[in-house]
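Just so it is clear: chains get the letters A, B, ... in the order the sequence lines come, proteins before strands, and each one is counted from 1.
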Amino acid sequence: MFSLERWQEVFETISKNKLRTFLTGVSVASGIFILVILLGVSVGFQNGIESQFQNDAENIIEIYPGLTSIDYKGFNEGRRIQLKNDDYDLAKKGSETKIEFASPMYQIFAGLISYKNESGSYRVEGVQPDYQFLEKADIIEGRFLNTNDLENKEKYAVIGNRAKKDLFGSQSPIGKYIKISGLNFKVVGVFTDPGGDREETRVYVPISTAQIVFGAGTDIRSMGFTLPKESDYDQALKQSSAFAARIENLLKTKLIIDPRDESALRINNNIENTKEIYLLISAMRLFFWAVGIATLLAGIIGVSNIMLIIVKERTKEIGIRKALGAEPLSIVGMILHESIFVTTVSGLFGLIFGLVLLEVVGPFIELDFIKNPSVNFSIAVSTLILLIAAGAIAGFFPAWRGARIKPIDALRDE
Amino acid sequence: MIEIKDLHKSYKMGKNSLHVLKGINFSVQEGELVSIMGSSGSGKSTLLNILGMLDEADEGSYTLDGVPIKNLNEKLAAQYRNKFLGFIFQSFNLINYKSALDNVALPLYYQGVKRSERMERSMAYLEKVGLADWATHKPNELSGGQKQRVAIARALASDPKVLLADELTGALDSKTSYEIMDLIQQINDEGRTILVVTHEEDIAHMTKRIVNLKDGVIIDDKKVTQVRAIQNV
Ligand SMILES: Nc1ncnc2c1ncn2[C@@H]1O[C@H](COP(=O)(O)OP(=O)(O)OP(=O)(O)O)[C@@H](O)[C@H]1O
Ligand SMILES: [Mg+2]
């Protein structure tokens, strides 16, 4: 089919029919270009909305202890429940593979922190490395706490951006020592948090260190978990509810709490509050898919229209070629070969142009609802392949009809 | 070379049917130069198109160089056209985006001849019709006579058994017409079989045999003494 001779013939036809080639190319290239931009903006919207609405991981499950409200197995109501390290271990046990991130937490609310002459009162939280993701804290300088820090009970601190500004002004705090409750802690990182100033006044230290420094033994104040994300809200809700119920059960049994007691252990399943966001994102995804498919359809219809016009315009030429001995298949092959070649080349142009534009301009877009638009390359490429295939199929029918016209009728065409 | 028996052809137009060829019997030997004459609408082009396998007859038999032409599929018809026939049209029918040379080379492309050989052979035919210097020109840069010379070179390129020409001088002034007929006579002198449709008496007399068509039947078929076109130029 695709012999060298035919390539020569196709190149000749293309180079001598520049306007036709140009028009076909432009319509295919702009179709793909629009699609790439559209996909990119859709991803940007999703990123934007997610970061707008969510200070903490949207699927976090948090567990706090409280006071019992029902007499149970010889214990009076009003007993204060205290969670410990082994309660956290128990909660995690058996679900390790289901859990995405997990961390216990021990905090003091008004820790006196000072650096040189500056000082203030901050919330100090002892946490594990995963806590960064539970809180959606973004590191802007240095690093977050790691497992080594935890195991070696290092006196390291990661401080919020607000705290950093208060204590250090515009200097870099990394490697400097701050005093927390009179003890020296080395600052290893600075974070920002979508929760804003309120959450950026926090200071994170390894929980193992915190428990020692604050004399807490193995006490913890709360624990948090997330499960891997699901794109379907109902599915996500079902899984996290089941997970929360399991932990509640385990802990209530261990801590001797009446199963009906609602105040002894408070379980906050954040996913229940994020239904709207889930729905918004999925509605938007649907919308962009619909627009994308419509664009693609328009592109396909455009390509097939162009093919129809090309075949119509070349009817006489087809008649001449047939009179000179062209077989029907060679006519179809010639038309398709040309159209596939032109759509592929111009489609690639549109694709690359769109990707480059997103890559170059994308990071500079700072609207509230659009953040970091980008495109999944393989989606873009498969769209291109789809368009080429559709163009070939759409082009086949007019080409086939053109090839079937009786030569005498084709020659009469003017 | 050509043998047709009892050929019929009608055109259907809605409910009506127009009976154009009403039983044509006629044969042409190798090396003949025949003109087909007749008034407008008498069916000359219809007959030539059937001979050229551009159209199909409804009834009757047609044998070309010993091969029966019957119920051909498109592919076979294309191969026969390429191998047996060369066409020359009144309106030239050159491909306007191709140079004269590339137009001449087209039948060879469909014969599967390699590009370099194609170009070489096409150039030789352009030389033969006196247009070697115009090889790279597009049809719209050529005069009518030059275009028809390119068309003749193209018709010769595939070295066909028979040349079929429909009103090949119809779009040309008389001086140019005679030059073209001179070329046709030279080609015939080399032994090639040629059929020319014309309604011009002087052109017909430059062939060796005149077939007269009227209302779909041959009313007259006679050999004539050929007038050499070169004398009129
Ligand atoms: N495709 C067609 N459909 C219907 N009728 C046709 C068709 N082609 C030709 N005819 C009719 O058939 C008759 C013969 O046409 P043809 O073209 O063979 O005549 P002709 O002898 O070549 O005439 P002219 O000298 O004008 O070229 C005419 O009446 C014409 O109208
Ligand atoms: Mg005619």
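For B/Asn96, no part lies near chain A; criterion is any non-hydrogen pair under 4.5 Å. Only the side chain of B/Phe87 comes within less than 4.5 Å of a heavy atom of chain A; its backbone N, CA, C and O stay farther away. B/Tyr80 does not touch chain A: none of its heavy atoms, backbone or side chain, sits under 4.5 Å away. Heavy atoms closer than 4.5 Å to chain A are found in the backbone of B/Leu94, but not in its side chain. Heavy-atom distances place no part of B/Lys83 under 4.5 Å from chain A, backbone and side chain included.
Counting non-hydrogen atoms of other residues, nucleotides and ligands closer than 6.0 Å to CD of B/Gln186 gives a total above 12. The number of heavy-atom neighbours closer than 6.0 Å to CZ of A/Phe349, taken from other residues, nucleotides and ligands shown, is 12 or below. Within 6.0 Å of atom OH in B/Tyr11, more than 12 heavy atoms from other residues, nucleotides or ligands are found, so the atom counts as buried in its surroundings. Shown here is A/Lys18, whose NZ atom has no more than 12 heavy atoms of other residues, nucleotides or ligands within 6.0 Å.
Under the 4.5 Å side-chain criterion, counting only non-hydrogen atoms from C-beta, A/Leu329 is not in contact with B/Glu74. Taking the side chain as every heavy atom from C-beta outward, B/Asp102 and A/Lys16 approach each other to under 4.5 Å. B/Arg154 is listed as a side-chain neighbour of A/Ile320, based on a closest heavy-atom distance under 4.5 Å.
By the salt bridge (charged side-chain N to carboxylate O under 4.0 Å, His left out) test, B/Asp159 is found to be paired with B/Arg192, residues two or more places apart in sequence or in another chain being considered.
The most heavy-atom pairs under 4.5 Å with chain B, out of A/Arg404, A/Gln8, A/Lys322, A/Arg321, come from A/Arg321.
Separating the CG atom in B/Asp55 from the CG atom in A/Asp409 is a distance of 7.5 Å, to the nearest 0.5 Å. Going from atom CD of A/Glu317 over to atom CG of B/Asn93 covers 11.5 Å, rounded to the nearest 0.5 Å.
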Start with the C-alpha gap between A/Glu327 and B/Arg81, add the side-chain angles, then the distance that decides, and say whether salt bridge (charged side-chain N to carboxylate O under 4.0 Å, His left out) holds. CA-CA 10 Å; A/Glu327 295 168 13; B/Arg81 279 195 292 270; over 6 Å; no
Derivation of the side chain to side chain donor-acceptor pair (under 3.5 Å) call for B/Tyr97 and A/Glu12: CA-CA 9 Å; B/Tyr97 65 81; A/Glu12 192 184 317; over 6 Å; no
Check step by step if side chain to side chain contact (heavy atoms under 4.5 Å, CB included) holds for A/Arg6 and B/Tyr109. CA-CA 9 Å; A/Arg6 178 133 100 229; B/Tyr109 170 72; 3.8 Å; yes
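Residues B/Ser91 and A/Lys316 share a closest heavy-atom pair of OG-NZ, 4.3 Å. In terms of heavy-atom proximity, B/Tyr110 sits nearest to A/Gly325 at CB-O, 3.8 Å. The nearest pair of heavy atoms linking B/Ala78 to A/Ala326 is CB-O, 3.5 Å.
Salt bridge A/Glu9/B/Lys98: present, at least one basic N to carboxylate O contact under 4.0 Å. Remark: B/Glu56 does not engage A/Lys406 in a salt bridge, criterion side-chain N to carboxylate O under 4.0 Å.
B/Asn82 places a side-chain N or O within donor-acceptor distance of the main-chain N or O of A/Leu324, the cut-off being under 3.5 Å.
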